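Worksheet for the structure shown next.
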Amino acid sequence: MVMPTSPTSPTSPATANTEATGALQEILLELVDEHGTTIGTAEKLAAHQPPGLLHRAFSVFLFDERGRLLLQRRALGKYHSPGVWSNTCCGHPYPGESPLAAAARRTHEELGISPSLLAEAGTVRYNHPDPASGLVEQEFNHLFVGLVSAAPEPDPEEVGETAFVTAEELAARHAEAPFSAWFMTVLDAARPAIRELTGPSGGW
């Protein structure tokens, strides 16, 4: 399915601070079975405690007009995998929220951009422990590829740095810099859709 996104994407109330206390509201994730069927919910941090609870997630890969992939380096203040490079955007739908809507919403929240095109690119299931934090990614991940024409305006609390890279530049960067534990898994799973989007000359 291909869906153009709107110029703006609203912030979900679950991402906002409560006015009375300033405390973050509890964020719930959708728990799923091995087929991706919803079976319940769990608090976000609890779902990532070892051995991890299988939950729904999404990963976004956006490309510019030159076929370069937009990467982000996760902010140093993030509790999970801080300071490492990863794909354009990743996260979790709220219970009852479609993965496509969540992908568009979170891309706007983190990077200040709305894709001009966003397409489903399959799913992948994985189990990736993060040695640094001790947390575990047990995820049924919905993949999306798309196009972006605007320059990122990242939220510094979420994103430390961004970069557009070719396939060759990514290989060199990946050999030298730390990347998220799940990055290569989601990239490899999305490659067929990425190649269809960027064409054979892109090298993906």
Side-chain angles (χ1 to χ4, degrees), residues 3-17 22 24-25 27 29 44-45 48 57-94 97 99-119 121 130 132-133 135 137 139 141-167 169-174 176-187 190 194 197-198 204:
M3 174 183 175
T5 59
S6 60
T8 59
S9 183
T11 300
S12 166
T15 67
N17 290 341
L24 288 176
Q25 297 177 356
I27 296 176
L29 307 186
K44 183 177 179 181
L45 184 57
H48 290 86
F58 65 82
S59 290
V60 178
F61 296 84
L62 296 183
F63 295 82
D64 67 7
E65 71 282 356
R66 294 167 54 186
R68 299 181 303 171
L69 172 62
L70 174 58
L71 297 177
Q72 68 155 278
R73 184 172 63 83
R74 294 165 63 85
L76 291 174
K78 294 183 78 70
Y79 74 90
H80 189 358
S81 301
V84 301
W85 287 92
S86 198
N87 50 294
T88 308
C89 181
C90 52
H92 311 91
Y94 296 120
E97 182 183 30
L100 179 61
R105 170 183 58 79
R106 195 64 185 146
T107 298
H108 189 269
E109 290 174 356
E110 289 191 3
L111 295 161
I113 54 177
S114 293
S116 57
L117 183 73
L118 199 58
D130 175 34
S133 66
L135 300 176
E137 289 287 7
E139 295 189 330
N141 197 303
H142 298 254
L143 308 171
F144 298 93
V145 300
L147 301 173
V148 63
S149 56
E153 297 180 5
D155 176 353
E157 293 188 1
E158 299 288 347
V159 179
E161 187 178 352
T162 62
F164 281 98
V165 298
T166 64
E169 290 167 343
L170 174 61
R173 185 182 293 258
H174 191 264
E176 298 173 357
F179 273 69
S180 63
W182 61 87
F183 175 73
M184 286 307 301
T185 299
V186 292
L187 175 62
I194 291 172
L197 179 72
T198 59
W204 294 102

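Just so it is clear, the model here is predicted, and its values are computed rather than measured.
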Distance in Å, [X] [atom1] paired with [Y] [atom2], rounded so as to fall on 0.5 Å steps:
{"X": "Phe164", "Y": "Glu169", "atom1": "CZ", "atom2": "CD", "result": "12.0 Å"}
{"X": "Arg173", "Y": "Leu71", "atom1": "CZ", "atom2": "CG", "result": "6.0 Å"}
{"X": "Ile194", "Y": "Leu187", "atom1": "CD1", "atom2": "CG", "result": "5.0 Å"}
{"X": "Arg73", "Y": "Leu76", "atom1": "CZ", "atom2": "CG", "result": "5.5 Å"}

Quick check: closest heavy atoms across [X] and [Y], and the distance to 0.1 Å?
{"X": "His92", "Y": "Ala57", "value": "CD2-CB, 4.0 Å"}
{"X": "Thr88", "Y": "Leu62", "value": "OG1-N, 3.0 Å"}
{"X": "Cys89", "Y": "Phe58", "value": "SG-CE1, 4.2 Å"}
{"X": "Pro115", "Y": "Leu118", "value": "CG-CD1, 4.2 Å"}

If only atom types and distance count, is the side chain of [X] paired as donor or acceptor with the main-chain N or O of [Y] below 3.5 Å?
{"X": "Ser133", "Y": "His80", "result": "no"}
{"X": "Asn141", "Y": "Ser59", "result": "yes"}
{"X": "His48", "Y": "Lys44", "result": "yes"}
{"X": "Trp204", "Y": "Leu197", "result": "no"}
{"X": "Arg106", "Y": "Gly91", "result": "no"}
{"X": "Ser86", "Y": "Ser180", "result": "no"}

Quick one: does Trp85's side chain get under 4.5 Å of Glu161's, heavy atoms only?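 When only atoms from C-beta onward are counted, Glu161 and Trp85 do touch, with a gap below 4.5 Å.
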Stepwise side chain to side chain contact (heavy atoms under 4.5 Å, CB included) check, Arg74 with Cys90: CA-CA 10 Å; Arg74 294 165 63 85; Cys90 52; 4.1 Å; yes
Output a table of donor-acceptor pairs, distance under 3.5 Å, between side-chain atoms of residues 143-155 and any protein atom two or more places apart or on a different chain; print 'none' if there are none.
unit_1, atom_1, unit_2, atom_2, d
Asp155, OD1, Glu157, N, 3.0

Run Leu135 and Leu45 through side chain to side chain contact (heavy atoms under 4.5 Å, CB included) and show every step you take. CA-CA 9 Å; Leu135 300 176; Leu45 184 57; 4.1 Å; yes
Would you sort out whether Val165 and Arg68 count as a side chain to side chain contact (heavy atoms under 4.5 Å, CB included), showing the intermediate values? CA-CA 5 Å; Val165 298; Arg68 299 181 303 171; 5.8 Å; no
For the residue pair Phe61 and Phe183, categorise the inter-ring angle as parallel (less than 30°), tilted (30 to 60°) or perpendicular (more than 60°).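 Aromatic pair Phe61/Phe183 classed tilted.
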For Glu97, is there an ion pair with Arg105 - N to carboxylate O distance below 4.0 angstrom?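 Salt bridge present between Arg105 and Glu97.
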For Thr162 and Leu70: C-alpha separation, side-chain torsions, deciding distance, then whether side chain to side chain contact (heavy atoms under 4.5 Å, CB included) applies. CA-CA 7 Å; Thr162 62; Leu70 174 58; 4.0 Å; yes
